[in-house]
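Worksheet for the structure shown next.
Counting starts at 1 for both ligands and their atoms, following the listed order. Quick caveat, the model's predicted, so the values are computed rather than measured.
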Amino acid sequence: MTALAVEGLVHAFGGLRALDGLSLAAEVGERLVILGPNGAGKTTLFNCITGVLPINAGAVYLDGRLISKRPPNELVHLGMARTFQKNNLFNNLTVEENIHLAIAARKPYRLQMLKSLRSYAEIRRETDELLGQWELGQHRDVPVHSLSYGEQRLLEFLLALASKPRILLLDEPTSGMSPAETAQTAEVIRQLPRSVTLLVIEHDMDVVFSIADRLTVLHHGEVMLSGTPDEVRNSELVREIYFGGAARADA
Ligand SMILES: Nc1ncnc2c1ncn2[C@@H]1O[C@H](COP(=O)(O)OP(=O)(O)OP(=O)(O)O)[C@@H](O)[C@H]1O
Ligand SMILES: [Mg+2]
């Protein structure tokens with residue numbers, strides 16, 4: 001079953017068509033990795049799928065339902081979550097408070113302004129569950145600005161999971177991380193349940209090939225190639241345009 005379908009997507013920044021009639025699809029539970037050189041349109045694609053940027057033409061379907069033109073907060077309720085290429089956290093709040101807010105944002109009921117989110121048993125339980133699972137528990141009362149960069153990225157990932165998404169879009173989840181943090185993040189991604197469909201923009205080829213079921217390579221806002229990891233690895237065209245020739249043929 002198709003989880004996400006993008007058809008003929010166009011987004012222009014002035015005269016520049018960052019997405020130029022792009023189409024792709026991901027099956028339920030699939031791990032689709034999006035590759036492409038800088039400026040290929042990868043982040044713009046995520047922004048259009050998640051309703052952050054308007055589309056000029058084309059359509060986006062989630063579970064067969066047309067979702068283009070819906071605002072991001074509605075898409076969260078439909079089961080879509082994402083992380084950003086750059087962190088998007090409340091830096092002066094603690095790890096726990098950031099998680100509380102992410103969980104509260106998904107609740108269908110109205111929360112009372114002056115009541116601490118911690119006093120809601122359900123929010124407390126979900127927070128404990130997330131923190132226990134992903135090794136950030138020891139930093140629970142630490143303000144976000146005191147975390148290492150890699151820990152902040154991990155927290156952002158955790159916040160995306162707090163909305164219990166059915167489809168998760170990760171924009172360069174390991175960028176700026178140490179090798180150890182990169183390995184940890186790749187492991188966390190691999191452990192996500194197969195009920196979650198994943199779209200991941202990633203440049204680290206070890207991570208790419210350790211998580212991908214399928215890869216789609218973008219170039220100038222269009223899909224240049226889609227295929228299995230082996231098909232993409234062995235493509236001459238991809239080597240030339242993306243890996244920079246034979247130098248990265250072993251990637
Ligand atoms: N806000 C903006 N205003 C104008 N042009 C933009 C804007 N955002 C992106 N672009 C342009 O659109 C094109 C696609 O950018 P995008 O950020 O989607 O690329 P990307 O594939 O994510 O690149 P990277 O690997 O560097 O993150 C680029 O030419 C970029 O310069
Ligand atoms: Mg980008």
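Donor-acceptor pairing under 3.5 Å is recorded for the side chains of Glu202 and Thr174. For the residue pair Gln191/Glu187, the side-chain donor-acceptor check at 3.5 Å is satisfied.
The N/O atoms of Gly39, backbone and side chain alike, include one that comes under 3.5 Å of an N/O atom in ligand 1. At least one N or O atom of Ala40 sits closer than 3.5 Å to an N or O atom of ligand 1.
For ligand 1 and Glu172, the ligand atoms under 4.0 Å from any heavy atom of the residue are 25 (O), 27 (O). Applying the 4.0 Å criterion to heavy atoms of Thr44 picks out, from ligand 1, the atoms 14 (C), 15 (O), 16 (P), 18 (O).
Between the CG atom in Leu225 and the CG atom in Leu215 there is a gap of 9.0 Å [rounded to 0.5 Å]. Rounded to the nearest 0.5 Å, atoms CE (Met224) and CG (Leu218) are 9.0 Å apart.
Within the 4.0 Å heavy-atom criterion, the part of Leu16 lying near ligand 1 is the side chain and not the backbone.
Arg153 has no carboxylate O lying under 4.0 Å from a charged side-chain N of Glu181, or vice versa, which leaves the two without a salt bridge. Looking at Arg233 and Asp230, a side-chain N of the basic residue comes within less than 4.0 Å of a carboxylate O on the acidic one, giving a salt bridge.
Annotation: Arg65, atom CZ; neighbour count of heavy atoms from other residues, nucleotides and ligands within 6.0 Å does not exceed 12.
Comparing Lys42, Arg17, His203 by heavy-atom distance to atom 21 (O) of ligand 1, the nearest is Lys42. Nearest to atom 17 (O) of ligand 1 by heavy atom, out of Ile201, Asn47, Thr43, Leu53, is Thr43.
Not a single N/O/S atom of Thr44, whether from backbone or side chain, sits less than 2.8 Å from the Mg ion (ligand 2).
For Gly36, the heavy-atom gap to ligand 1 stays at 4.0 angstrom or more.
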